[in-house]
Undergrad: 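Here it is, the structure, as structure tokens.
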Amino acid sequence: MQSTSDEFLKGIWKENPVFVHVLGLCPMLAVTNSAINAIAMGLATFFVLVGSSTLVSLFRNLIPRQIRISCYIIIIATFVTVADYTLQALVPIVHKELGAFVPLIVVNCMILGRQEAFASKHSVGRAIADALGVAIGFILALFILGGLREILGSGSLFGISLFGPNFEPWVVMLLPPGGFIMLGLILLFFNWVKQKKDNLVEQLATKELTNG
Amino acid sequence: MDNLVWIFISSLLVNNFVFSYFLGLCPFFGVSGRLETAVRLGMASTFVMLITAICTWFLNTYILIYAPYLRLISFIVVVASTVQFVEMAIKKFSPALFKALGIYLPLITTNCAILGFAIFATNRGYSLLEGIIFALGAGGGFTLALVLMAGLREENELSGIPQVVRGTAMSMIIAGILSLAFMGFSGLFSS
């Protein structure tokens with residue numbers, strides 16, 4: 001039996017939606033050419049995920065099984081419309097940069113995945129904890145990718161120059177290929193860490209076997 | 001006429017949905033393991049796009065001018081019902097293909113390429129004919145990307161790659177290199 005805090009924590013690192021499950025890639029790669037865009041996208045997704053998880057979990061006994069996916073999609077689409085109009089009103093510049101990718105949060109597989117795999121089966125409290133964890137994990141991933149691409153691609157972070165005027169920006173990092181390659185490298189790093197850990201566990205196990 | 005050709009080439013190569021807009025990545029990485037499945041999924045997606053193009057144009061012209069805030073919800077309903085229809089048709093006519101596509105067939109609903117296509121077509125104010133051409137170009141581009149990737153991945157399975165790099169990390173870097181190659185097409189229209 002996992003406690004509520006476990007549900008919250010697992011989404012951030014151990015089951016990070018992007019780095020471990022490789023979900024929600026489309027918005028992930030498209031908007032992470034600067035740290036500020038990444039954060040705005042992350043917050044919008046956060047709002048949609050937490051809101052729809054709450055509603056789905058509240059109505060989980062009322063929604064018939066056969067049409068559940070359509071119901072989830074409509075709930076998600078409602079929240080995305082709210083987020084879209086709110087962003088447009090509060091930060092019009094960022095909204096313009098994100099462009100079509102705010103409405104596209106609807107089809108972020110990570111959000112639908114959470115509804116199907118978790119919120120539709122658990123109580124409201126745990127569904128919210130899970131949504132918060134996953135959403136924070138998603139923001140973290142967006143920020144890491146966006147930050148790295150901005151630092152390498154334009155030598156700045158949040159628009160503040162880091163390396164002075166002599167830095168030659170690596171423009172390809174801001175362009176689409178840079179997104180793919182950078183995420184590939186990050187996933188590579190995660191794989192490498194995991195393999196190291198597996199090897200270590202294996203070594204310890206064999207050591208114990210020989211000692212015992 | 002020039003305009004139509006331009007829309008087609010641009011959505012097929014220059015602004016390829018996968019490589020320059022990052023749309024439809026989930027099936028792109030999920031289904032591109034085998035060449036045949038990739039072609040079929042690409043064709044199914046193109047068909048859904050085509051129907052979506054026609055439906056969204058009617059919605060935009062006759063209904064959504066009265067209620068713009070319903071845009072997103074009505075689009076997603078159109079996409080979801082088209083996918084349901086395609087799913088039933090494939091199940092009836094080709095059960096083998098139905099099995100091969102598996103979970104990725106219903107997941108076309110959440111394929112950002114389809115909804116993204118509907119939103120782009122609306123934002124750019126395409127007419128019905130332009131929308132249909134755009135659907136063919138975008139769907140063709142998506143199929144092209146899937147096929148390229150599937151071919152490369154089939155080759156990859158037989159070559160000696162270190163264990164760490166195998167899987168998604170490798171596909172991601174290959175996609176990056178393909179995307180670099182596709183950037184070359186942007187020179188087509190500079191003159």
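In what follows, chains are A, B, ... by sequence order, proteins preceding strands, each numbered from 1. These figures come from a predicted structure and were not determined experimentally.
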Undergrad: Nearest 0.5 Å, please: how far is CD1 in B:Ile173 from CG in A:Leu188?
TA: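 Result: 5.5 Å between the selected atoms.
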Undergrad: Nearest 0.5 Å, what's the CG-CG distance between B:Leu180 and A:Leu175?
TA: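 Interatomic distance, B:Leu180 CG to A:Leu175 CG, rounded to 0.5 Å: 8.5 Å.
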Undergrad: Would you mind checking which part of A:Tyr85 comes under 4.5 Å of any heavy atom in chain B, side chain (CB onward), backbone (N, CA, C, O), both or neither?
TA: side chain
Undergrad: Looking at A:Gln88, I'd like to know if its CD atom is crowded, meaning that more than 12 non-hydrogen atoms belonging to other residues, nucleotides or ligands lie closer than 6.0 Å.
TA: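 Yes.
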Undergrad: Enter the distance from B:Leu72:CG to A:Ile76:CD1 here, rounded to the nearest 0.5 Å.
TA: 11.0 Å
Undergrad: What option among A:Leu183, A:Leu29, A:Ile74 has the most heavy-atom pairs under 4.5 Å with chain B?
TA: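 Answer, by heavy-atom pair count under 4.5 Å with chain B: A:Leu29.
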Undergrad: Identify the heavy atoms of A:Ala77 and B:Ile76 that sit nearest to each other, and give their distance.
TA: CB-CG2, 4.3 Å
Undergrad: Taking everything shown except A:Ile93 itself, do over 12 heavy atoms lie less than 6.0 Å from its CD1?
TA: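 For A:Ile93, atom CD1 is not crowded (no more than 12 foreign heavy atoms under 6.0 Å).
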Undergrad: With chain A, which of B:Asn123, B:Ile73, B:Leu23 has the greatest number of heavy-atom pairs at distances under 4.5 Å?
TA: B:Ile73
Undergrad: Answer yes or no: are there more than 12 heavy-atom neighbours, outside B:Phe47 itself, under 6.0 Å from its atom CZ?
TA: no
Undergrad: Looking at A:Phe101 versus B:Phe22, is the centre-to-centre ring distance below 6.0 Å?
TA: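 Ring-ring flag for A:Phe101/B:Phe22: false, centres at least 6.0 Å apart.
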Undergrad: Heavy-atom distances under 4.5 Å only: say whether B:Met170 touches chain A with side chain, backbone, both or neither.
TA: neither
Undergrad: Heavy-atom pairs under 4.5 Å with chain B are the metric here; pick the option from A:Gly179, A:Pro103, A:Gly178 that has the most.
TA: A:Pro103
Undergrad: Do you know which of B:Ser81, B:Ala169, B:Gly116 has the most heavy-atom pairs with chain A at a distance under 4.5 angstrom?
TA: B:Ala169
Undergrad: Between B:Val18 and A:Phe180, which heavy-atom pair has the shortest distance, and what is it?
TA: O-CZ, 3.7 Å
Undergrad: Report yes if the side chains of A:Leu187 and B:Met172 come closer than 4.5 Å at any heavy-atom pair, otherwise no.
TA: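 In short, these two side chains touch, coming nearer than 4.5 Å.
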Undergrad: Given that the side chain runs from C-beta out, which part of B:Phe120 has a heavy atom under 4.5 Å from chain A: side chain, backbone, both or neither?
TA: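 Interface part for B:Phe120: side chain.
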Undergrad: Heavy-atom cut-off 4.5 Å, strictly under: side chain, backbone, both or neither for B:Ala80 against chain A?
TA: neither
